[in-house]
Engineer: 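Take this structure, written in structure tokens, and hold onto it; I'll ask about it next.
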Amino acid sequence: MDPKTLLITGFAPFGTESVNPSWEAVKALPEHIGAWSLHKLLLPVEYGRAAALAAEAANECGADAIICAGLAAGRTAVTPEAVGINVRDAAIPDNAGRKCEGEPVEPDGPAAFFSTLPVRKMTEAIHDAGVSAKLSYTAGTYVCNDLLYTLLHRFSGTPVRVAFVHIPLEKDLPLKDSIRALTAAIEAI
Ligand code: PCA
């Protein structure tokens, strides 16, 4: 069977953190997992631009699926995200200095999209791999949600499937567990 192509992304550091474990974990993944051939991409923490770069990369590599990873400081479990919503609202600016207070991601877009990869199955697979996992119904309203919503909107009605996985800070979950979680999630799709 021909390998299928997965675009997998992580984010640059932002806010007060000097390292973003989402990219550290993505970077450490092998080139192939199960039936999937991985294309890795580091994204800037910028509204709009992160999603534009991810969509461009997905088209260039002919991705069948996209999994984006991001940091959720304060969470202690790995949390696949079930929903992306049409809101940008955060107390901190993005890395380009842009601060959003209750703006839409897409002015004419629907309120929300459900993830198009099997997030419940991914969550169970992470748990079965021995890593704390919980299905989440909020990806927040910062750049991670912006990325998830925009990709779901952009690839709506196409065969390209999209999901987002939030991972904890390294002080709350060792990096090797985040790597194992992403591997299990990929094996489950
Ligand atoms: N986490 C942020 C943006 C980048 C990241 O890794 C978020 O949850 O929106």
Side-chain angles (χ1 to χ4, degrees), residues 7-29 40-58 66-106 109 111-115 117 119 122-123 126 131-154 162-179 181-182 185-186:
L7 176 68
I8 183 149
T9 73
F11 271 112
F14 67 101
T16 55
E17 303 299 331
S18 56
V19 172
N20 192 323
S22 68
W23 175 242
E24 299 306 311
V26 167
K27 217 168 51 177
L29 292 172
K40 302 173 189 176
L41 180 67
L42 168 64
L43 292 175
V45 183
E46 293 178 33
Y47 293 111
R49 202 160 89 87
L53 290 170
E56 189 184 308
I66 308 170
I67 294 181
C68 302
L71 164 66
R75 290 190 189 173
T76 53
V78 175
T79 49
E81 299 292 348
V83 189
I85 65 171
N86 194 6
V87 181
R88 291 175 171 169
D89 188 297
I92 58 166
D94 72 5
N95 283 0
R98 179 162 176 203
K99 197 164 178 301
C100 292
E101 291 181 333
E103 297 171 27
V105 176
E106 285 284 342
F113 286 98
F114 288 117
S115 174
L117 281 166
V119 279
M122 290 160 68
T123 307
I126 296 166
V131 181
S132 179
K134 194 173 186 311
L135 183 60
S136 166
Y137 286 93
T138 175
T141 47
Y142 189 47
V143 179
C144 290
N145 172 72
D146 188 73
L147 173 62
L148 176 60
Y149 178 90
T150 305
L151 292 177
L152 287 168
H153 184 252
R154 172 84 177 254
V162 180
F164 193 100
V165 179
H166 263 125
I167 66 174
L169 284 167
E170 273 186 76
K171 73 173 178 63
D172 295 317
L173 190 76
L175 192 63
K176 68 171 176 36
D177 286 347
S178 290
I179 295 165
L182 290 178
I186 294 166

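Read the numbers this way: they start at 1 and go in the same order the structure lists the ligands and their atoms.
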Engineer: With side chains defined as the heavy atoms from C-beta onward, is the minimum distance between Leu53 and Thr9 less than 4.5 Å?
Structural biologist: no

Engineer: At a 4.0 Å threshold, what atoms of ligand 1 neighbour a non-hydrogen atom of Phe14?
Structural biologist: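 So the atoms of ligand 1 that pass are 1 (N), 2 (C), 4 (C), 5 (C), 6 (O).
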
Engineer: Do any N/O atoms on His166 end up under 3.5 angstrom from N/O atoms on ligand 1?
Structural biologist: yes

Engineer: Could an N or O of ligand 1 be found under 3.5 Å from any N or O of Cys144, whether backbone or side chain?
Structural biologist: yes

Engineer: If we only count N/O pairs under 3.5 Å, is Asn20 in contact with ligand 1?
Structural biologist: yes

Engineer: Looking at CD1 of Ile126 and CG of Leu135, how far apart are the two atoms once the value is rounded to the nearest 0.5 Å?
Structural biologist: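 If we round to the nearest 0.5 Å, Ile126:CD1 and Leu135:CG are 10.0 Å apart.
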
Engineer: Please report the shortest heavy-atom distance between Val131 and Ala181, naming the atom on each side.
Structural biologist: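 Result for this residue pair: CG1-CB, 4.2 Å.
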
Engineer: Atoms of ligand 1 less than 4.0 Å from Gly70 heavy atoms?
Structural biologist: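 So the answer, numbered in order with elements, is 6 (O).
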
Engineer: Could you go through residues 137-144 and list every donor-acceptor pair under 3.5 Å that involves a side-chain atom there, pairing it with any protein atom two or more places apart or in another chain?
Structural biologist:
{"from": "Tyr137", "atom 1": "OH", "to": "Arg120", "atom 2": "NH2", "distance (Å)": "3.2"}
{"from": "Thr138", "atom 1": "OG1", "to": "Gly140", "atom 2": "N", "distance (Å)": "3.0"}
{"from": "Thr141", "atom 1": "OG1", "to": "Asp89", "atom 2": "O", "distance (Å)": "2.5"}
{"from": "Tyr142", "atom 1": "OH", "to": "Pro93", "atom 2": "O", "distance (Å)": "2.8"}

Engineer: Give the atoms of ligand 1, by number and element, whose distance to some non-hydrogen atom of Tyr142 is under 4.0 Å.
Structural biologist: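 It comes down to these atoms of ligand 1: 2 (C), 3 (C), 7 (C), 9 (O).
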
Engineer: Rounded to the nearest 0.5 Å, what's the gap from CZ on Arg88 to OG1 on Thr150? Could you check?
Structural biologist: 6.0 Å

Engineer: Are the side chains of Leu41 and Leu7 in touch, meaning some heavy atoms are under 4.5 Å apart?
Structural biologist: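 Sidechains of Leu7 and Leu41: in contact.
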
Engineer: Students should be able to answer this: which protein heavy-atom is nearest to atom 1 (N) of ligand 1, and at what distance?
Structural biologist: Leu71 O, 2.9 Å

